**Student:** 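Before we start, here is the structure in question, set down as structure tokens.
Given the structure is predicted, the values throughout are model-derived calculations rather than measurements. Values below: all heavy atoms of this structure, side chains included; hydrogens, waters and symmetry mates excluded. Below, chains carry the letters A, B, ... as their sequence lines are ordered, and counting in each starts from 1.
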Protein chains: 2
Amino acid sequence: MITANYIQRVNDYCHQQKLKLTPNRAAVLAILHKQNAPLSAYDVLAELQQQQPKTKPPTVYRALEFLIQHHFIQHIESTSRYLVSQQQESFAPHPLLICTDCKSVTQMNLSSELKLELDHFAGQQGFSLHPQSYEFQGLCASCQPRQSA
Amino acid sequence: MITANYIQRVNDYCHQQKLKLTPNRAAVLAILHKQNAPLSAYDVLAELQQQQPKTKPPTVYRALEFLIQHHFIQHIESTSRYLVSQQQESFAPHPLLICTDCKSVTQMNLSSELKLELDHFAGQQGFSLHPQSYEFQGLCASCQPRQSA
DNA sequence: ACGACCAATGTTATAATGTAACGCTCAAAT
DNA sequence: ATTTGAGCGTTACATTATAACATTGGTCGT
């Protein structure tokens, strides 16, 4: 999806929900969408500074915080990167698969049965899970040891 | 379990496995075990410096790396803390529940069926999961909004 | 015993990530 | 018209982590 169209769509959604997609926030989201890859806050900062050289870290972090809170992006904890959420009908996070070797990230879909089971196990410890804010570590297809034939 | 006994047990295990639990590594593990709570690398450093004032960050990070690699401790990615793995029969990580409010952490047990299902979903994306290196975000019992009766 | 080797550690310096605190502005609410 | 509060600018700093190189100390082959 073209970034401009995507931003427009997010903008519409924000109007509906009475959220303010300010120019800063839109710019940060656009940068993440255009790259479509996990970026560090300072990667985003560097991009922003192309447009507005005086931008400082808190500006970026504040925008990221807003975008995370409303599920437009996800914070990848294990690599300190930020990624646009793959969107189906609505804006929501997805469980992430993190390759511990090459650090690549894939968004995963879990069945609703499986989500219920996870809720159940978490509930045994008194926890209520945020929907789909999970990270799983493993090895991606390219980083798995090859079979010797 | 008393820390001295625990360290002894780890030491025995390391001998069996031909791993070297050096004094540094043992000291770091003992600190984490004694506190039995998620500690930052610099918390550990401060403790170590009580015993050996000239200790520097790389010493701690190297010990942590060893301890993580062999599953004696886990790195909590979302809070940059380190925690002794709860041990059943063997040394292995556990899925973690992280409270996004108070940052408390609980180790969770999943059924083996559930683990298989997770492997299945990850496999659809070509991923092979490391056993139980998962983090789930949610709210712990104390941080959940109360029902108004 | 001797030296070659290698893993672990010591040491210096710095990189990368994230935040506290304060003040300004501007639009919305009263 | 004032008040209020969210968003942002700015300074300074805190926290987390690592690169790079020197040193030590034990193990192995000869």
Side-chain angles (χ1 to χ4, degrees), chain A residues 10-11 14-15 17-32 38-49 51-70 72-83 98 100 103 105 135, chain B residues 10-11 14-15 17-32 37-49 51-70 72-83 98 100-101 103 105 135:
Chain A
V10 172
N11 204 16
C14 284
H15 273 297
Q17 304 287 317
K18 316 249 190 211
L19 302 174
K20 286 199 253 185
L21 189 69
T22 64
N24 262 325
R25 292 166 178 177
V28 167
L29 184 55
I31 287 165
L32 286 166
L39 296 185
S40 77
Y42 280 74
D43 291 340
V44 174
L45 176 60
E47 285 290 321
L48 254 191
Q49 284 175 336
Q51 309 164 25
Q52 321 205 10
K54 287 193 291 186
T55 308
K56 304 284 192 302
T59 298
V60 172
Y61 280 101
R62 286 163 179 160
L64 292 172
E65 187 184 18
F66 170 88
L67 296 170
I68 291 166
Q69 212 154 41
H70 300 291
F72 302 121
I73 67 174
Q74 289 180 255
H75 184 196
I76 306 166
E77 311 280 0
S78 46
T79 55
S80 297
R81 293 295 184 274
Y82 302 84
L83 180 65
I98 323 276
T100 52
K103 314 300 181 194
V105 174
E135 293 190 20
Chain B
V10 172
N11 203 19
C14 284
H15 273 298
Q17 304 288 317
K18 316 248 190 216
L19 302 174
K20 286 200 251 183
L21 189 68
T22 64
N24 262 325
R25 292 166 177 176
V28 167
L29 185 55
I31 287 166
L32 286 166
L39 297 184
S40 77
Y42 279 73
D43 291 339
V44 174
L45 176 60
E47 284 292 318
L48 253 191
Q49 284 175 335
Q51 308 164 27
Q52 321 205 12
K54 287 193 289 187
T55 309
K56 304 283 192 302
T59 299
V60 172
Y61 280 100
R62 286 162 179 159
L64 291 172
E65 187 184 19
F66 170 87
L67 296 170
I68 291 167
Q69 210 153 44
H70 300 291
F72 302 122
I73 67 175
Q74 288 179 257
H75 184 196
I76 307 166
E77 311 280 359
S78 46
T79 55
S80 296
R81 293 295 182 274
Y82 302 83
L83 179 66
I98 323 277
T100 51
D101 190 351
K103 316 298 181 197
V105 174
E135 293 191 18

**Student:** Taking the minimum atom-to-atom distance to the side chain of A:Ala41, which one of D:dG9, C:dG18, D:dT11 wins?
**Tutor:** C:dG18
**Student:** Pick the nucleotide of DNA chain C nearest each of B:Pro23 and B:Pro57; which residue has the one closer to the 5' end?
**Tutor:** B:Pro23
**Student:** Where the side chain of B:Arg25 is defined as all heavy atoms beyond and including C-beta, which of C:dT17, C:dT9, C:dG18 is the nearest nucleotide?
**Tutor:** C:dT9
**Student:** Any side-chain N or O of A:Ser40 below 4.0 angstrom from OP1/OP2 of C:dT17?
**Tutor:** yes
**Student:** Calculate the interatomic distance between A:Leu21 atom CG and D:dA6 atom P; express it in whole Å.
**Tutor:** 18 Å
**Student:** Assign B:Tyr82 to base, sugar-phosphate, or nothing according to its heavy-atom contacts below 4.0 angstrom with the strands shown.
**Tutor:** sugar-phosphate
**Student:** Counting heavy atoms from C-beta on, name the nucleotide in C:dT11, C:dG18, C:dT17 closest to the side chain of A:His75.
**Tutor:** C:dG18
**Student:** Report the distance from atom CD of B:Glu77 to atom C1' of D:dT15, rounded to the nearest whole Å.
**Tutor:** 16 Å
**Student:** Calculate the interatomic distance between B:Glu65 atom CD and C:dA7 atom P; express it in whole Å.
**Tutor:** 13 Å
**Student:** Report the distance from atom CG of B:Asn24 to atom C1' of C:dG10, rounded to the nearest whole Å.
**Tutor:** 10 Å
**Student:** Strictly below 4.0 Å: does B:Tyr61 bring a side-chain N or O up to OP1 or OP2 of D:dT18?
**Tutor:** no
**Student:** How are the rings of B:His75 and B:Tyr82 set relative to one another: parallel (under 30°), tilted (30 to 60°) or perpendicular (over 60°)?
**Tutor:** parallel
**Student:** Would B:Tyr42 pass as stacked on D:dT15, i.e. its ring centre under 5.5 Å from the base's six-membered ring centre and planes under 30° apart?
**Tutor:** no
**Student:** For A:Leu67 and D:dG7, give me the distance from atom CG to atom C1', rounded to whole Å.
**Tutor:** 14 Å
**Student:** Which of these nucleotides, D:dA17, C:dT11, C:dT17, is closest to any side-chain atom of A:Ser80?
**Tutor:** C:dT17
**Student:** Between CD of A:Glu77 and CD1 of A:Ile98, what distance do you get to the nearest 0.5 Å?
**Tutor:** 9.5 Å
**Student:** Tell me which nucleotide among C:dT9, D:dT18, D:dG7 gets nearest to the side chain of A:Thr22.
**Tutor:** D:dG7
**Student:** Could you tell me if the side chain of B:His70 sits less than 4.5 Å from the side chain of B:Phe66, heavy atoms only?
**Tutor:** yes
**Student:** To the nearest Å, how far apart are A:Lys103 NZ and D:dA17 C1'?
**Tutor:** 13 Å
**Student:** Please table the atom pairs, donor to acceptor, closer than 3.5 Å between any side-chain atom in residues 39-49 of chain B and protein atoms at least two apart or in another chain.
**Tutor:**
from, atom 1, to, atom 2, distance (Å)
B:Ser40, OG, B:Tyr42, N, 3.3
B:Ser40, OG, B:Asp43, N, 2.9
B:Ser40, OG, B:Asp43, OD1, 3.3
B:Ser40, OG, B:Asp43, OD2, 3.2
B:Asp43, OD2, B:Ser40, N, 3.0
B:Gln49, NE2, B:Thr55, O, 2.8

**Student:** Rounded to whole angstroms, how far apart are NZ on B:Lys54 and P on C:dT9?
**Tutor:** 16 Å
**Student:** Atom NZ of B:Lys20 to atom P of D:dT24: distance rounded to whole Å?
**Tutor:** 17 Å
**Student:** Counting only N and O atoms by type, is there a donor-acceptor contact under 3.5 Å from the side chain of B:Lys56 to the main-chain atoms of B:Lys54?
**Tutor:** yes
**Student:** Reading DNA chain C from 5' onward, which residue's closest nucleotide shows up sooner: A:Pro58 or B:Thr55?
**Tutor:** B:Thr55
**Student:** Do the side chain of B:Arg62 and the base of C:dG10 come within less than 3.5 angstrom through a donor-acceptor pair of N or O atoms?
**Tutor:** yes
